[in-house]
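Structure first, commentary second.
Numbers for residues simply follow the sequence, beginning at 1. Everything numeric here is computed off the predicted structure, so don't read it as measured data.
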Amino acid sequence: MKIIIIGGVAGGMSAATRLRRLDEQAEITVYEKGPYVSFANCGLPFHLSGEIADRDDLIVQTAAKLRQRFNLNVQPNHEVLAIHPTEKTVDVRHAGEIVTDHYDRLILVPGSRPIVPELPGLATAQSIFTLHTIPDLDRIMTAVNEATTKRALLVGGGFIGLEVAESLVQRGLDVTIVERAPHLLPPLDEEMAAMVQNELTRHGVHILNNRAVKAFTADGQVAVLTDGTQVATDLTILAVGVQPASGLAKAAGLDLGWHDGIVVDQHYQTSDPNIYAVGDAILVRQQVTGHPTLIPLASPANRQGRQVADNVMGIDHPNRGSLGTAIVRTFELTAATTGLSEHQVQQEQLAYQVVHVRGQNHASYFPNGTPITLKLVFNPQTGKIYGAQGVGAQGVDKRIDVLATAIKGGLTIDDLPELELTYAPPFGSAKDPVNMLGYAAENLAMGLSKSIQWHELPAALAAGKQLLDVRNPDELRTDGRFPDSLNLPLDQLRDRLDELDPQQPYVVSCFSGQRSYIAERILRQNGFDVVNLDGAFSLYREVRPQDLIID
């Protein structure tokens, strides 16, 4: 069998090497448009800062090594110009010459390409770049190393934009991020992304939300924003997202779907039974909703490459869907997400509830612990977990990985307290934050607790509810306080219930939500109308500090 793979990197090379392991006799050719067939896309931003010092460390495998170890006919700098499904041939250009090659099975791995908006002044500017390949990285490094490069503009505040922003700050540049959405990291919900935005601000990054670039002037040295603001820049990197590189598939008459993603079945077959596709360019099933979507991430692409090789060779290996689990480091903070955000659940019009917990990355009594905030989005009737997010200095990856596994495995909120996670003081807690998410979600589902979210608090207070803060007075002085709130420390609450009005509805809060839940249970069992502020003061302070009194 002769198999042609168009595109290397994660999906293409995973498919090629798996095919070889399954069939020593197959003729396998990989055509890669660029000079590198196997490189670490995700590592590119970290070479900008010098954290990955040697550029060659980004090259995972060379064509020569792949030929030697796997007997693959790997052809870099070979661009496939056209696919002819009826003839089962492809036209390939290399060094100015075009040749035609034949296949029995074709695997399309065209990947994605950066979105480059059509803006006045962009086409002629010399200092505006995208970061998608090693040649892109080389061009940016040349610009960064210019003595005149002092200011950098990131257009887009997603995962790549934040990684590049951190790297450029570490290089000593003055960095500005422009983000069209109301907050950075749109895959996260506002209150979780606020912690990341605050971290960036603490490190001197200028953030302009709810704005977009509408033009460049002065040969790209000035960006004009939609609100009229002008941002001077010596270097601009466009990080507004990617789109499927599905032009070849479209020209070949293959079915395309949402956002021009290539339509494939669960075995990665396109509308032509001899052509398969994997990677950033295909539509996959979002595992929670079942809807087709695009998930341009390296881990799914690697998995898909292995699975498509099995299917081509007759081994039934269906795609079960993807969650879109992702993570980013921003200076001292890590942010991660899996499954659906609250915003996405609202768009899907699903019945849902939200809970936040704040814990430590390891036992609180062990030195150098750091806080973790986790958010769970779930169905309170069925216990189904829709998604989760986490932000913290350490241990976020571990918790989101556990929650992603729980969603993949079909676990519910009732299963989270049952998870037996490793515990010793340097590594975790006897009740891990993931366990605590389950306990808190169960309390809500059983009606033992009623909560309101941070964004619901102003309306609740305007409607007549009174905020009751059960922190100790010295915490209010050091951490800040809600205006017009009552303060009754939790440990005094039972003895001072007569100071509260039984006819007055209350919103109870503490610092993290744990003490306020205890207070809620005390008050509720004494006949008070009370709800708990989910996430409590610590979460509210991150997203709406302007509403608080902070001395």
Side-chain angles (χ1 to χ4, degrees), residues 191 352-360 364 371-383 385 412-419 429-457 459-461 463-476 479 481-482 484-541:
E191 77 279 18
Y352 80 96
Q353 203 154 4
V354 165
V355 66
H356 299 79
V357 301
R358 179 184 169 101
Q360 294 281 313
S364 58
I372 295 174
T373 300
L374 294 178
K375 175 177 184 176
L376 193 74
V377 188
F378 64 98
N379 185 313
Q381 283 77 47
T382 66
I385 302 171
T412 69
I413 59 171
D414 298 316
D415 296 307
L416 297 183
E418 297 292 326
L419 295 178
S429 302
K431 289 191 289 188
D432 190 86
V434 171
N435 300 134
M436 295 304 296
L437 268 183
Y439 289 129
E442 283 183 327
N443 286 338
L444 290 169
M446 290 188 290
L448 292 175
S449 178
K450 295 182 180 179
S451 67
I452 64 171
Q453 295 303 309
W454 61 272
H455 56 85
E456 298 172 316
L457 179 61
L461 298 180
K465 292 184 183 294
Q466 172 68 55
L467 195 141
L468 174 62
D469 196 323
V470 298
R471 291 178 293 159
N472 296 323
D474 58 340
E475 293 179 78
L476 276 63
D479 297 330
R481 63 191 186 277
F482 293 99
D484 303 319
S485 60
L486 295 179
N487 176 225
L488 282 181
L490 174 63
D491 293 341
Q492 302 174 22
L493 184 59
R494 289 185 181 89
D495 298 329
R496 298 175 61 182
L497 288 176
D498 58 351
E499 298 179 29
L500 301 177
D501 181 356
Q503 306 303 314
Q504 170 67 51
Y506 291 96
V507 178
V508 64
S509 176
C510 62
F511 185 75
S512 67
Q514 184 176 3
R515 283 174 291 173
S516 58
Y517 167 65
I518 298 171
E520 179 195 4
R521 293 302 303 152
I522 294 171
L523 293 168
R524 191 177 299 283
Q525 292 175 80
N526 280 276
F528 287 90
D529 178 0
V530 59
V531 293
N532 190 9
L533 178 61
D534 187 36
F537 181 85
S538 63
L539 185 70
Y540 200 92
R541 183 179 61 181

Roughly how far apart are [X] [atom1] and [Y] [atom2], rounded to 0.5 Å?
X    : Y    : atom1 : atom2 : answer
C510 : D469 : SG    : CG    : 8.0 Å
R358 : M436 : CZ    : CE    : 14.0 Å
L467 : S509 : CG    : OG    : 5.5 Å
D529 : D501 : CG    : CG    : 11.0 Å
I452 : D534 : CD1   : CG    : 9.5 Å
E442 : T412 : CD    : OG1   : 8.0 Å

Sub-4.5 Å side-chain heavy-atom contact between [X] and [Y]:
X    : Y    : value
V357 : Y439 : no
D432 : L419 : no
H455 : E191 : no
F537 : E475 : no
L493 : L523 : yes
F482 : L461 : no
V355 : I413 : no
P473 : P489 : yes

Quick check against the 3.5 Å criterion: does [X] have a side-chain atom that pairs as donor or acceptor with the backbone of [Y]?
X    : Y    : value
N487 : N472 : no
R524 : V530 : yes
Y506 : E520 : no

Where is the tightest heavy-atom contact between [X] and [Y], given as atom of each residue plus distance?
X    : Y    : value
L444 : F378 : CD1-CZ, 4.2 Å
F511 : A536 : O-CB, 3.5 Å
Q466 : Q504 : N-NE2, 3.2 Å
P380 : A445 : O-CB, 3.6 Å
Q503 : P505 : O-CD, 3.5 Å

Which residues share a side chain to side chain contact (heavy atoms under 4.5 Å, CB included) with R494, sequence neighbours left out: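 For R494, the residues satisfying side chain to side chain contact (heavy atoms under 4.5 Å, CB included) (neighbours in sequence not counted) are I522.
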Determine, step by step, whether T373 and K375 satisfy the side chain to side chain contact (heavy atoms under 4.5 Å, CB included) criterion, reporting the C-alpha distance in whole Å, the side-chain angles of both residues, the deciding distance to 0.1 Å, and the verdict. CA-CA 7 Å; T373 300; K375 175 177 184 176; over 6 Å; no
With S516 via side chain to side chain donor-acceptor pair (under 3.5 Å) - residues at least two apart: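 By the side chain to side chain donor-acceptor pair (under 3.5 Å) rule, S516 matches N532.
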Checking E499 now: which residues fulfil side chain to side chain donor-acceptor pair (under 3.5 Å) with it, not counting sequence neighbours?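 In terms of side chain to side chain donor-acceptor pair (under 3.5 Å), with neighbours along the sequence ignored, E499 is linked to R496.
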Atom CG of residue position D498 - does it have more than 12 heavy atoms of other residues, nucleotides or ligands inside 6.0 Å?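 For D498, atom CG is crowded (more than 12 foreign heavy atoms under 6.0 Å).
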